[in-house]
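Written out below as structure tokens is the structure these notes cover.
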Amino acid sequence: MVFSQDYALLENVGQPVSPRIIPRAEHHISRSQISPNALKVLYRLHENGYDAYLVGGGVRDLMLGREPKDFDIATNATPEEVRGLFKNCRLIGRRFRLAHIRYGREIIEVATFRAPHDEAEHVDQAHSEDGRILRDNVYGTLEQDVWRRDFTINALYYNIADFSVVDYTGGVEDLNQGMLHLIGDPIERYKEDPVRMLRAVRFAAKLGFNIDKDSENAIHDLGGLLKNVSPARVFDEMLKLFHGGCAAQTFELLRHYDLFQYLFPETDAHLDSELGEIMLPLISRALNNTDQRIQDGKPVNPAFLIAILLWHLVVEKQEAIMSNGVPPFPAMQQAGQQVMSAQIRSLSIPKRFSLVAKEIWIMQLRLPNRRGKRPLVLLAQQRFRAAYDFLCLRGQSGEDELQEVCEWWTRFQEQNPEDRNSMLRSDKRRKRRPRKRKSRSPDA
Ligand code: ATP
Ligand code: MG
């Protein structure tokens, strides 16, 4: 059955249409799969006479038999009314006013149904000249809320009143078909919010879905609008793109749709040059490693991937600075600073991450030098582990001479402290060579 024809999906957005209601017996979402805190919020809203639905990725992922990342709730209660029901509630956001209900580390996000501004009595909406939505706090009904969501598969509502799923846009059919379908006119919807292009890629990679032709073609034409999005929001989106467990596939798709240039413009330009052949193996190894770590439940620091993605630019710049007679260490510091300053114009990188990335870069100069007691000092440094992983990845990705260094550090870490000292002593005997009396090492 082709449901999309029953729905006013593309032509009649916002017109009255009847939803398809999938009763409890005909879908696989069970309350045992929903976070107890999200259920608590749903029930409390319902008991107080409000409509309450689980919506977005939570419903989508449960329908697909996947574990949701988070649980979002939609309701007809206003943010203030939600706050009145939960003492652990905070209202956030200017562009979209939302209620955050906190239970320990888990935050349940509750959004009030929104209406398009021409159908609402009270309008608090603003657009930029290029059609971007700057503020959108116009409250409405579920029927209206559906049309402002991005993809049909993200516009399914699980009703806590009777455990049915409400589908206005053909989302269930698209889930079955593995299709990403932007709701409404793709050009208009990307203009309203260019980040939807990045979301299309993210969901396509994560779910292994295809992007429908119209939604896909518009990406090629409108990618440039991402330049108008605030660098802080692009950073948030980058984290979701690369820390969602399928970074390698996401990177492929970002490159395929020419969108990577809006995240890391200089890196992207270099990837298309001769340097690309050297850069790609390192990037691709790092992305696969990140995916593996996430699969294994290990922590990932965004600084590591950022350091990888910018590494060859830093090396190139360092070499240019050194050619003016600047020694390697200050040259690396200057290069790191310059590359970061250029980068944050597109995608802002909070200081806590950019500092770590710069430390990882500097450590790349220090790790090969294992003279004297230096290794003990380096090993004790906070960034040692990240810098060592980074160096080993470089060794595996074409810089063969680093493999020996990586292996040495691997052995050194495996030793107990006493044996580490003897490893240093034996290395000293082997490597001893005459030193000029007053010479200074570059990192002294
Ligand atoms: P996940 O949480 O797994 O990354 P998600 O679809 O839940 O995916 P969220 O960012 O949590 O994504 O957003 C929740 C829901 O809000 C989405 O499913 C979608 O319905 C709506 N939404 C989020 N961002 C946008 C956007 N930029 N434009 C339109 N609707 C959006
Ligand atoms: Mg979500």
Side-chain angles (χ1 to χ4, degrees), residues 13 33-35 37-38 41 53-75 92-93 95-101 106-116 125 127 131-136 138 140 142 144-158 165-172 174-175 180-186 188-209 215 218-219 222 225-226 228-230 233-234 236-247 250 294:
V13 169
Q33 300 163 301
I34 302 173
S35 116
N37 294 324
V41 175
Y53 296 83
L54 193 66
V55 68
V59 184
R60 177 195 69 217
D61 291 348
L62 289 177
M63 296 279 279
L64 288 170
R66 302 170 70 106
E67 197 184 325
K69 202 180 81 207
D70 50 30
F71 292 92
D72 300 307
I73 289 173
T75 179
I92 61 140
R95 181 166 169 267
F96 290 126
R97 204 155 169 70
L98 297 166
H100 271 184
I101 304 173
E106 188 178 18
I107 292 177
I108 307 295
E109 192 168 283
V110 183
T112 306
F113 296 142
R114 290 199 178 77
Q125 193 181 46
H127 284 85
R132 260 182 315 139
I133 297 179
L134 301 176
R135 198 169 63 252
D136 189 10
V138 186
L142 188 154
Q144 293 168 318
D145 189 73
V146 167
W147 309 103
R148 60 121 189 146
R149 301 206 166 254
D150 48 5
F151 300 96
T152 62
I153 60 166
N154 286 346
L156 297 169
Y157 296 68
Y158 172 83
V165 170
V166 184
D167 178 10
Y168 273 88
T169 65
V172 171
D174 282 337
L175 274 184
L180 277 160
H181 229 127
L182 209 57
I183 298 171
D185 171 31
E188 209 175 293
R189 302 305 311 282
Y190 289 141
K191 280 187 175 171
E192 278 175 3
D193 182 4
V195 167
R196 288 172 187 150
M197 291 181 263
L198 297 176
R199 289 174 61 88
V201 166
R202 176 154 72 87
F203 296 128
K206 172 173 148 169
L207 306 173
F209 277 26
S215 311
I219 295 182
L222 299 177
L225 293 177
L226 281 163
N228 305 336
V229 177
S230 86
R233 191 156 173 238
V234 179
D236 290 344
E237 206 50 41
M238 178 219 129
L239 289 189
K240 293 185 193 166
L241 284 160
F242 289 126
H243 288 176
C246 11
T250 303
I294 288 170

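Counting convention: from 1, in listed order, for ligands and their atoms alike. Hydrogens, waters and symmetry mates are skipped; everything else that's a heavy atom, side chains included, is used. Numbers for residues simply follow the sequence, beginning at 1.
A salt bridge links R233 with D193; the closest basic N to acidic carboxylate O contact falls under 4.0 Å. No salt bridge links D185 with R189; every basic N to acidic carboxylate O contact stays at or beyond 4.0 Å. Remark: R196 does not engage D150 in a salt bridge, criterion side-chain N to carboxylate O under 4.0 Å. For E192 and R148, the salt-bridge test fails: no basic side-chain N is under 4.0 Å from an acidic carboxylate O.
Near G56, the atoms of ligand 1 lying under 4.0 angstrom from a non-hydrogen atom of the residue are 18 (O). For ligand 1 and R148, the ligand atoms under 4.0 Å from any heavy atom of the residue are 29 (C), 30 (N). Those atoms of ligand 1 with a heavy atom of R196 less than 4.0 angstrom away are 26 (C), 27 (N), 28 (N), 29 (C). Close contacts of ligand 1 with K69, meaning ligand atoms under 4.0 Å from a residue heavy atom, involve 1 (P), 2 (O), 4 (O). Each of the following atoms of ligand 1 lies closer than 4.0 Å to a heavy atom of G57: 5 (P), 6 (O), 7 (O), 18 (O).
Taking the N/O/S atoms of D70 in turn, the shortest distance to the Mg ion (ligand 2) belongs to OD1. Taking the N/O/S atoms of D72 in turn, the shortest distance to the Mg ion (ligand 2) belongs to OD2.
For atom 8 (O) of ligand 1, the nearest non-hydrogen atom of the protein is R60 NH2, 3.4 Å. Of all protein heavy atoms, the one closest to atom 19 (C) of ligand 1 is D150 OD1, 3.4 Å. Of all protein heavy atoms, the one lying nearest to atom 16 (O) of ligand 1 is R149 NH1, 3.2 Å.
The CD1 atom of I294 lies 5.5 Å from the NE2 atom of H243; values are rounded to the nearest 0.5 Å. In this structure, CG on L54 lies 10.5 Å from CG on L156, to the nearest 0.5 angstrom. How far CE of M238 is from CG of L198: 11.5 Å, rounded to the nearest 0.5 Å. We find the OG1-CG distance between T112 and L98 to be 8.0 Å, quoted to the nearest 0.5 Å.
Within the 4.0 Å heavy-atom shell around ligand 1 one finds D72. For F151, the closest heavy-atom approach to ligand 1 does not fall below 4.0 Å. At a 4.0 Å cut-off, at least one heavy atom of K206 sits close enough to ligand 1 to count as contact. Residue R199 places a heavy atom less than 4.0 Å from ligand 1.
Between Y157 and Y53, the ring planes lie perpendicular to each other; the angle is over 60°, past the 30° to 60° tilted range.
Residue D70 touches ligand 1 through its side chain alone, judged by heavy-atom distances below 4.0 Å.
In this structure, the side chain of D167 engages the main chain of T169 through a donor-acceptor pair within 3.5 Å.
For the Mg ion (ligand 2), the N/O/S atoms of E109 include none lying under 2.8 Å.
Side-chain atoms of N154 and R60 include a donor-acceptor pair closer than 3.5 Å.
Relative to atom 27 (N) of ligand 1, the option among D193, L207, I183, L182 with the closest non-hydrogen atom is D193.
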